[in-house]
Number of protein chains: 2
Amino acid sequence: MTNTTLKLLAQQLQLSISTVSRALKDHPDISASTKEKVNALAQSLDYEPNAYAIQLRTQSSKILGVIVPAISNLFYDSFISAVEEESRKNGYALMILQSSNNTENELNNLKIFRQNRVSGVFACLSTSIENIEVYHKMNEREIPVVFFDIVPKDNRFTKVRMADERCAVIAAEKIIQRNAKRVLAIFGDEGLSISQKRKSAFQNFMQSYSPKTHCTYFHAKSSKEAEDLFLKQASKVQKADTVFCMTDEVLIGVMKAVQALEIKVPHELGIISISNGFIPNLYHPHISYVETSGFELGKLAFVQMMANMKGGKTLTELTVDAKFVEGGSM
Amino acid sequence: MTNTTLKLLAQQLQLSISTVSRALKDHPDISASTKEKVNALAQSLDYEPNAYAIQLRTQSSKILGVIVPAISNLFYDSFISAVEEESRKNGYALMILQSSNNTENELNNLKIFRQNRVSGVFACLSTSIENIEVYHKMNEREIPVVFFDIVPKDNRFTKVRMADERCAVIAAEKIIQRNAKRVLAIFGDEGLSISQKRKSAFQNFMQSYSPKTHCTYFHAKSSKEAEDLFLKQASKVQKADTVFCMTDEVLIGVMKAVQALEIKVPHELGIISISNGFIPNLYHPHISYVETSGFELGKLAFVQMMANMKGGKTLTELTVDAKFVEGGSM
DNA sequence: TAAAATATTACAAACGTTTGCGACAAAATT
DNA sequence: AATTTTGTCGCAAACGTTTGTAATATTTTA
């Protein structure tokens with residue numbers, strides 16, 4: 001069965017294509033009576049406008065692109081979820097591609113976006129950073145780019161991200177409030193700037209406000225690494241009374257070790273992490289965490305995208321603030 | 001800056017549009033020398049074919065639609081991840097929409113798909129089932145639909161799903177092997193057919209092969225429900241020595257209770273679940289589970305989609321088999 | 001009643017491709 | 001030398017819209 005088009009409607013109604021087109025969009029030029037007829041027929045033949053033809057004609061698509069390192073990721077999928085929700089409300093559809101943290105994929109994805117003439121892209125940089133030029137190419141083509149989470153330094157772009165340093169500082173505050181003596185702080189992949197930022201913020205805060213607290217710092221790239229690391233530390237004579245986990249990955253590893261060693265939380269060990277909340281709430285007691293909501297970030301990113309598309313350039317770096325969520329682990 | 005088009009290339013090279021078009025796709029009619037020239041210019045002006053124009057002309061898009069209840073879901077995101085990977089390899093891009101288990105959204109999403117003339121859609125039914133007619137509309141328009149996970153009974157469609165009954169049977173086998181005396185079996189939402197199927201398969205198997213084993217059956221819609229349920233059961237005199245968790249949700253709830261009660265796994269309690277593996281591996285010891293891989297399901301779904309698009313109708317219901325993964329909880 | 005204003009509809013070009021067919025030359029065949 | 005084949009390339013239509021402008025009919029105004 002062939003799709004019904006304006007032409008078909010026009011023929012059946014003995015009208016011109018343009019009249020039909022205008023009738024369907026309630027154009028004032030068209031009389032009420034023909035509008036009725038047109039709508040009735042369109043309904044019964046269930047006419048659906050061909051998005052491609054529209055986009056070709058109007059040179060603007062109702063599609064937004066999203067590039068994430070991975071879709072199966074606790075943080076990103078809540079981001080996507082939020083963006084999708086907002087997009088749908090505003091008549092946009094999403095095209096989601098994953099880079100798998102691979103530059104080649106990322107470039108490929110961008111090409112697909114350009115070829116599909118998306119009207120904007122949300123991008124989370126893959127960890128290899130040399131490839132920012134391509135994003136300029138997008139801007140040249142007047143395709144706004146909103147970076148999220150892992151953003152470039154270049155301030156010619158619009159960026160939204162979590163208040164990374166704040167997260168670490170809030171965690172440090174709580175640790176000090178708890179009156180911790182020996183702290184084990186495990187951060188994420190040392191190569192990522194986000195790890196560095198959070199680490200130095202944490203370190204500085206601890207230094208300034210509680211220099212007597214003994215802190216040891218580590219990095220872990222995977223939950224396995226974090227688990228091994230914690231096990232090793234736990235076998236030492238001077239055990240930590242508090243552990244800070246920068247990421248969900250780290251927390252997962254630590255928790256496995258904690259369960260294996262049957263350490264009592266929070267009596268023997270206080271735990272605090274940075275997370276969107278899903279993982280921390282898997283345990284008993286719930287782990288206290290500083291919340292970084294991909295959901296809110298998504299909402300914010302969408303607002304920025306709209307601003308970019310409507311008005312002129314809004315080159316800003318916005319951050320969504322973090323808040324502490326009390327579990328029972330501190 | 002305006003996008004470079006075939007027309008532009010043609011003008012600059014003093015060639016016709018058709019020649020340029022053919023040159024770019026290595027058509028045998030075109031001489032090697034002009035192919036070179038065309039490619040060179042296309043390269044330097046970084047020409048990108050306009051997907052809309054192509055799709056309008058060829059009446060076939062390189063876009064596949066995916067409808068999932070929710071993107072942020074351990075199972076679905078691995079499905080999406082797999083489909084995305086396969087799609088990219090085959091030159092397709094994905095348009096992902098979430099129904100939020102809401103019929104209205106689902107219909108809306110389908111409309112978007114039709115308007116964007118996607119060349120196929122992967123759909124997971126939202127739990128309200130009356131709306132299958134729309135999918136017939138898709139088929140009438142020759143847009144193949146591949147259902148996954150939650151599929152309609154109607155066998156005019158192509159379906160892929162997990163071997164639901166098998167999963168439950170495998171779990172039952174393992175429970176019998178363990179020589180369990182008292183089993184607590186907690187299934188998912190009673191309203192879902194998948195819960196019913198798994199339950200009766202489990203029940204039948206236990207009846208047939210180990211009638212002496214004492215089993216109690218429950219349903220839980222959320223992890224909180226499962227947690228409360230387990231807590232209540234654990235306070236009884238006759239405690240279960242084995243618990244079966246049909247879903248991740250259930251497992252999460254049970255594990256919270258288990259941790260709260262400081263029950264020793266597997267000595268005091270054996271645990272087995274059905275899962276894709278993420279949640280079970282969060283605990284120590286790892287929870288044994290029957291694997292249902294969204295990933296494999298995604299791969300399978302894609303193959304079916306391609307078959308549907310190429311050849312004629314392949315109306316089959318395929319299932320991906322399940323396998324037992326040993327953790328330390330049994 | 002003629003002129004002007006308004007209401008309603010139609011025409012046609014354009015968006016950027018693809019593709020069947022025809023045009024023309026050069027090369028090969030008779 | 002006349003004819004056929006082959007190699008290159010261009011013309012033009014089509015995909016389904018949108019939209020500026022022209023055309024016609026109807027009403028209002030002077």
Side-chain angles (χ1 to χ4, degrees), chain A residues 1-39 41-42 45-63 91 111 114-119 141-142, chain B residues 1-39 41-42 45-63 91 111 114-119 141-142:
Chain A
M1 176 188 140
T2 171
N3 279 320
T4 75
T5 67
L6 288 185
K7 189 199 244 177
L8 187 71
L9 295 180
Q11 283 173 345
Q12 302 224 3
L13 292 167
Q14 296 279 50
L15 286 171
S16 78
I17 294 177
S18 51
T19 302
V20 175
S21 172
R22 289 190 169 103
L24 286 172
K25 18 179 54 76
D26 207 19
H27 193 284
D29 270 9
I30 308 300
S31 73
S33 67
T34 67
K35 273 180 194 169
E36 255 181 64
K37 284 185 227 153
V38 171
N39 280 312
L41 188 64
L45 264 55
D46 46 31
Y47 166 75
E48 313 246 12
N50 184 319
Y52 296 139
I54 295 175
Q55 284 148 357
L56 179 58
R57 170 62 222 237
T58 63
Q59 299 286 53
S60 84
S61 79
K62 282 293 209 174
I63 296 181
K111 183 189 278 187
R114 284 194 304 269
Q115 294 187 351
N116 280 286
R117 305 294 194 268
V118 297
S119 45
R141 308 210 171 180
E142 283 162 10
Chain B
M1 176 188 141
T2 173
N3 278 321
T4 76
T5 67
L6 287 185
K7 189 199 241 177
L8 187 72
L9 294 181
Q11 283 172 344
Q12 300 224 5
L13 291 167
Q14 297 280 52
L15 287 171
S16 78
I17 293 177
S18 51
T19 301
V20 174
S21 172
R22 290 190 170 102
L24 286 173
K25 18 178 55 77
D26 207 19
H27 193 285
D29 268 11
I30 309 300
S31 72
S33 68
T34 65
K35 274 180 192 169
E36 256 181 64
K37 283 187 225 150
V38 171
N39 280 313
L41 188 63
L45 264 55
D46 44 33
Y47 166 76
E48 312 246 10
N50 185 320
Y52 296 138
I54 294 175
Q55 284 148 356
L56 179 58
R57 170 62 221 236
T58 62
Q59 299 288 54
S60 85
S61 76
K62 283 293 209 175
I63 297 181
K111 184 189 279 188
R114 284 194 304 268
Q115 294 187 350
N116 281 284
R117 304 294 192 271
V118 296
S119 44
R141 308 211 171 181
E142 284 163 8

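In what follows, every chain begins at residue 1, and chains take the letters A, B, ... in the order their sequences are listed.
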Heavy atoms of other groups near B:Q12 CD, more than 12 under 6.0 Å: yes
Derivation of the side chain to side chain contact (heavy atoms under 4.5 Å, CB included) call for B:V38 and B:L13: CA-CA 8 Å; B:V38 171; B:L13 291 167; 3.7 Å; yes
When the distance from [atom1] of [X] to [atom2] of [N] is rounded to whole Å, what number comes out?
X      : N      : atom1 : atom2 : result
A:I54  : C:dC15 : CD1   : C1'   : 13 Å
B:Q11  : C:dT17 : CD    : P     : 13 Å
B:L6   : D:dA12 : CG    : P     : 18 Å
B:Q55  : D:dT17 : CD    : P     : 15 Å
B:L56  : C:dA14 : CG    : P     : 17 Å
B:L24  : D:dC9  : CG    : P     : 13 Å
A:N50  : D:dG16 : CG    : C1'   : 6 Å
A:R117 : C:dT17 : CZ    : C1'   : 11 Å

Side chain to side chain contact (heavy atoms under 4.5 Å, CB included) between B:R117 and A:N3, worked out: CA-CA 10 Å; B:R117 304 294 192 271; A:N3 279 320; 3.4 Å; yes
Phosphate contact (D:dT17 OP1 or OP2) by A:Y47 side-chain N/O below 4.0 Å: yes
D:dC15 OP1/OP2 closer than 4.0 Å to side-chain N/O of A:K7: yes
Per-nucleotide protein contact string for nucleotides 4-10 of chain C, where B marks a base within reach and S marks sugar-phosphate only (heavy atoms under 4.0 Å, - for neither): ----BBB
Distance, nearest 0.5 Å, that separates CG of B:L41 from CG of B:L8: 7.5 Å
Salt bridge (Lys or Arg N to Asp or Glu O under 4.0 Å) involving A:R114 - partner list, sequence neighbours excluded: B:E48
Closest non-hydrogen atom pair, B:P49 against B:I54: CB-CD1, 3.8 Å
